Amino acid sequence: MLTLLRENRVNILNHSPISPYLNPIEHVWDMFERQLRRQYLRVQTLEQLRKALHQVWHQIPQIAIR
């Protein structure tokens, strides 16, 4: 498994994988939520929410996700 990861240039952290502070997706979700709350306080329908979620997701820079 480690050989496969190295061959594909996957960096491995020497930390516990359970730590919430090291889980990158948590940072993305936090950024997503803050941006959603800041820009879309008046969403009233499910369709408006769907559009807002889609729009905010596409505004997050790829570098932040990586």
Side-chain angles (χ1 to χ4, degrees):
M1 180 64 127
L2 288 176
T3 304
L4 178 67
L5 293 174
R6 287 187 191 119
E7 287 173 358
N8 290 292
R9 298 180 187 178
V10 175
N11 294 327
I12 301 171
L13 299 175
N14 292 326
H15 299 286
S16 169
I18 300 171
S19 173
Y21 300 107
L22 298 175
N23 188 343
I25 194 66
E26 294 300 325
H27 298 289
V28 174
W29 284 126
D30 180 57
M31 192 181 336
F32 181 80
E33 181 183 5
R34 282 185 284 123
Q35 196 168 356
L36 183 66
R37 288 181 187 273
R38 189 171 33 245
Q39 294 181 9
Y40 298 98
L41 296 176
R42 296 188 174 187
V43 170
Q44 296 178 354
T45 68
L46 196 54
E47 182 60 21
Q48 288 174 340
L49 178 60
R50 187 191 67 75
K51 287 180 181 179
L53 293 170
H54 185 76
Q55 193 167 11
V56 168
W57 180 255
H58 287 285
Q59 289 174 356
I60 296 175
Q62 282 296 308
I63 193 75
I65 295 172
R66 288 187 193 132

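In this text, all values refer to a predicted model and were calculated from it rather than measured experimentally. Index from 1, following the sequence.
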Residues in salt bridge (Lys or Arg N to Asp or Glu O under 4.0 Å) contact with Glu47, at least two apart in sequence or another chain:
Arg50

Could you tell me which non-hydrogen atom of Leu36 sits nearest to which non-hydrogen atom of Leu53, and how far apart they are?
CD2-CD2, 3.6 Å

If you count every heavy atom of other residues, nucleotides or ligands that lies below 6.0 Å from Leu46 atom CG, does the total exceed 12?
no

If you apply the rule side-chain contact (heavy atoms from CB on, under 4.5 Å), what do you find for Arg34 with Arg37, and how did you get there?
CA-CA 5 Å; Arg34 282 185 284 123; Arg37 288 181 187 273; over 6 Å; no

Closest contact, heavy atoms only, Gln35 versus Gln59:
NE2-OE1, 2.7 Å

Does the plane of the ring in Trp29 sit parallel, tilted or perpendicular to the ring in Trp57? Use 30° and 60° as the thresholds.
tilted

Could you measure the distance from the CZ atom of Arg6 to the CZ atom of Arg9? Nearest 0.5 Å is fine.
14.5 Å

Nearest 0.5 angstrom please: Ile25 CD1 to His27 NE2, how far?
10.5 Å

Are more than 12 heavy atoms from other residues, nucleotides or ligands located less than 6.0 Å from atom NE2 of His54?
no

